[in-house]
Undergrad: 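Take a look at this one; I'll ask things after.
Labels below follow one simple rule: chain letters A, B, ... track the order of the sequence lines, proteins then strands, and each chain is numbered from 1. Being a predicted model, the structure only gives us computed values, none of them experimental.
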Amino acid sequence: EVQLVESGGGLVQPGGSLRLSCAASGFTFTDYSMNWVRQAPGKGLEWVSYISRSDGTIYYADFVKGRFTISRDNAKSSLYLQMNSLGAEDTAVYYCARDVSLDYWGQGTLVTVSS
Amino acid sequence: QSVLTQPPSASGTPGQRVTISCSGSSSNIGSNYVYWYQQLPGMAPKLLIYRNNQRPSGVPDRFSGSKSGTSASLAISGLRSEDEADYYCAAWDDSLIAPGVFGTGTKVTVL
């Protein structure tokens, strides 16, 4: 069974940093690209970042470029999102999702940016 | 950030057919596959349709997708109470303002 479990969310002050993790199991992690998608409270979905199977290709949404860094550790079957210079507009549930089709999603981890 | 336009709401009675539209541009829907996701209240989204009109294993054939030019649509036939949810379309975007772009979302209500 495919499982994606996010962690690392929480309350952070404006300007602060946070690192999200996504532990994958139930499939061969190296066979799939991975993504981060977020959803602000009561709002729609936003595609945040994409990383290819081998790290060779990485994309970011314009609204996080220069602030967020996506990475993966294939040996640990894990995906990461380093988030710096956080602002209130980054408050959201962050989901990791598998493949270009986003065929499997984790349950999400809530990031709240507030003083 | 939503680049794909959907109607905010749609509704129908049990057994009816409901259609949701998704309008984009040449850089996204016009040149890439369309995906559809269902999000039940308090849950993570779930893939409903991939590559314009393909259903993952386990998705009922009441759900169907189509694409024409820079627009796409999702049809739900034989509407059931458990179909009440938010629905989002998505597509990769060649302009790379984001890895991909989502629709604005449509809330489907079963009357």
Undergrad: Same cluster or not: B:Met43 versus B:Leu48, using hydrophobic residues (I, L, V, M, F, W, Y) connected whenever any side-chain heavy atoms lie under 4.5 Å apart?
TA: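 In one cluster: no.
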
Undergrad: Between B:Pro45 and chain A, which part of the residue has a heavy atom less than 4.5 Å away: side chain, backbone, both or neither?
TA: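 Its backbone and side chain both get close to chain A.
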
Undergrad: State plainly whether one hydrophobic cluster holds both A:Ile51 and A:Leu81, where clusters connect Ile, Leu, Val, Met, Phe, Trp and Tyr through side-chain heavy atoms under 4.5 angstrom apart.
TA: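 Same cluster: A:Ile51 reaches A:Leu81 through Ile, Leu, Val, Met, Phe, Trp or Tyr contacts under 4.5 Å.
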
Undergrad: Which answer fits B:Tyr33, side chain, backbone, both or neither, if we ask what part of it has an atom under 4.5 Å from a heavy atom of chain A?
TA: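 Neither part.
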
Undergrad: What part of A:Tyr95 gets within 4.5 angstrom of chain B, counting heavy atoms only: side chain, backbone, both, or neither?
TA: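 Contact with chain B involves the side chain of A:Tyr95 alone.
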
Undergrad: Between A:Val48 and chain B, which part of the residue has a heavy atom less than 4.5 Å away: side chain, backbone, both or neither?
TA: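 Contact with chain B is through the backbone of A:Val48 alone.
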
Undergrad: Pick whichever of B:Tyr88, B:Tyr35, B:Tyr50 has the most heavy-atom pairs under 4.5 Å with chain A.
TA: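 The candidate making the most pairs under 4.5 Å is B:Tyr88.
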
Undergrad: Identify, with sequence neighbours excluded, every residue that meets side chain to side chain donor-acceptor pair (under 3.5 Å) alongside A:Tyr94.
TA: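 A:Arg38.
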
Undergrad: Please tell me if the side chains of B:Pro7 and B:Ser21 come closer than 4.5 Å, counting only heavy atoms from C-beta onward.
TA: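 B:Pro7 vs B:Ser21: side chains touch.
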
Undergrad: Out of curiosity, does A:Val12 fall in the hydrophobic cluster containing A:Tyr80 (side-chain heavy atoms, cut-off under 4.5 Å, transitive links)?
TA: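 No, it is not one cluster - the side chains of A:Tyr80 and A:Val12 are not joined through contacts under 4.5 Å.
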
